[in-house]
Amino acid sequence: MRQDLTQILSWIKSGSRVLDLGCGDGEFLDELRKEAAIQGVGIEINQEDILLAIKRGISVIQQDVDEGLSNFPDLSFDTVVMAHAIQVVHFPDKVLMEMLRIGKEGIVTFPNFGHWRCRIYLAFRGGMPVSRFLPFDWYNTPNIHFCTVKDFEKLCAARHITIKSRSMIGGSKLSSFFSAIWPNLFAITAIYRLSA
Amino acid sequence: MVEILKTSSVGIVKPKAAKFEGPLNLECGFTLDSFELVYETYGRLNKNRSNAVLVCHALSGNHHAAGFHNKDDDRAGWWDEYIGPGKPIDTEKFYVVSLNNLGGCHGSTGPISENPTTLKPWGNNFPSIRVKDWVETQARLADKLEIDSWAAVIGGSLGGMQVMQWAIDHPSRIRNAVVIASALKLSAQNIAFNEIARQAIRADPKFADGNYLSMKSIPEQGLALARMIGHVTYLSDDAMALKFGRELRSGSFDANFSDGIEFQVESYLKYQGKRFSGQFDANSYILMTRALDFFDLARNYNDNAVEAFSVAECKFLVVSFTTDWRFSPFRSQEIVEALIAAKKNVTYMEIKADEGHDAFLLPIPRYFQTISAYMKGIETS
């Protein structure tokens, strides 16, 4: 199982209700269902992905997160997850607040733009970083709101969001070791467990 | 579309009839001592009797949902594109039951049936029927067929209302609810269209206050007009532009020729109206539109749809179509919102389609794939 999934799984109680924003083909919810018997609901805008999720037997609502989540009542889920999607939405701060209105807890993962490779790329090549993980050019990327670990924590502080735990994933064992010490420079993926 | 072309038909089917003795207490307060339902089945019921699917028809539908009635029949059932071997509602997997609802005019007890007390057709004296009554009669049909629980109950429009009613009236007897292009209740605009259709029928002198059968007349004009009004609302502006545009069927705008001008759309509506008036009973049409108007899922639950759905145990698939303005995506989203708040398992898909409300009957690829994917995921063992 992917390292980030293992981490998230450890934060989700068995049998709980989980809302996954930008659930894609439902792989993550499927995994959670098998491992933790959760009751999952996904939100997705891409119909090809929704069809794949339906085939897995995952409940998915076709909805654009950017158009709001007001159809979800307060605290109607135990956990609201947004994996690798915060950089895609128009108003990350608003979505974060909505997540913590709908769920008792929120889990957010994102690619850390403060990673040393990104810094070196920009510093020495002078262009927006393009990599195996972020294979887009600046003009066609769906990723419109990149942030670093530091940026994200600043936003949480400004919005009085409690960071209950965080976990940093590096590319290797060694870089994971370093990313625990110096996340903003060594973490490739940042994972946060939040509450209001 | 390849998926569609590969599929085949259920072939020639024979309608069956089931007679039900014992009182049926209707929502309107009237009691029917007995009634009959006509239905068709496609596919085979498995050993555990767990693969049965109920298809609920809409306003002008009937039991003939798939296949042909004889080898010269050139019109397949109304949902033939979706029901059959290898089709989304796969008859290799499912045992499909489709009935003509009580109050209909295609064989089930309704206004054209004989009233046992007067020995004359019921006509406009047939009791008012509600969606809840239909679900009750469908449950009795399930009893007769020894089907404890439906793998799925499926319906579009008025059919979707029956599906939702099933989910809350018999939660343990339905495992999947497929609600297509439907609503928790009609809007004022929607009721208004129904009322115009009814007035069109009533204004026809041949309607004779609903006693036309005993006078051996048929209010064809009124019924045709009612259908024409309905038909326009089932299509979208774009669909009509695409299908007819401003094409003329006859005449021309040249001087001396302008008398006989007829647009294609006029001709089409006249044809649809005439065809419909030859196969539908006016009292039945009024009864069905009334059932539509009166439906309000939450009425008995403090007008709270969340409370209504709270008893449901099944999974839900809700589907809407972008250009449907009679049962718009917004109406389906209300269903979804209530289901989410009631913490039910719900999947929602909004299909891009030009065809308006009529889309729910048509083989639109994305819609086809959605029903197909959902039905494939249903356990029947």
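We name chains A, B, ... by the order of the sequence lines, and we start the count at 1 in each one.
Judged as a salt bridge (charged side-chain N to carboxylate O under 4.0 Å, His left out), not a single pair has a partner in residues 310-328 of chain B (not counting sequence neighbours). A ring-ring contact (aromatic ring centres under 6.0 Å, His included) check over residues 321-354 of chain B, counting only residues at least two apart or in different chains, returns the pairs B/F193-B/W325, B/F321-B/Y367, B/F327-B/H357.
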Would you give me the side-chain donor-acceptor pairs under 3.5 Å for residues 38-46 of chain A, sequence neighbours excluded?
residue	atom	partner	partner atom	Å
A/Q39	OE1	A/R17	NH1	3.2
A/Q39	NE2	B/K343	O	3.4
A/E44	OE1	A/C23	N	3.4
A/E44	OE1	A/G24	N	2.7
A/E44	OE2	A/N46	N	3.0
A/N46	OD1	A/E48	N	2.8
A/N46	OD1	A/D49	N	3.2

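Under a cut-off of 6.0 angstrom, the local environment of CZ in A/R117 is sparse, with at most 12 non-hydrogen atoms contributed by other residues, nucleotides or ligands. The environment of B/R299 atom CZ is dense: over 12 non-hydrogen atoms of other residues, nucleotides or ligands sit within 6.0 angstrom. Within 6.0 Å of CG in B/D238 there are more than 12 heavy atoms belonging to other residues, nucleotides or ligands. Other residues, nucleotides and ligands contribute more than 12 heavy atoms inside 6.0 Å of the CZ atom of A/F136.
Across B/M349 and A/I50, no two heavy atoms sit closer than the pair SD-CG2, 3.8 Å. Nearest heavy atoms, A/P73 versus B/I340: CD-CG2, 4.2 Å.
Interface residue B/V346: backbone and side-chain heavy atoms are both found under 4.5 Å from chain A.
Residues of residues 55-66 of chain A having a heavy atom under 4.5 Å from any heavy atom of chain B, listed by number: A/K55, A/G57, A/I58, A/S59, A/V60, A/I61, A/Q62.
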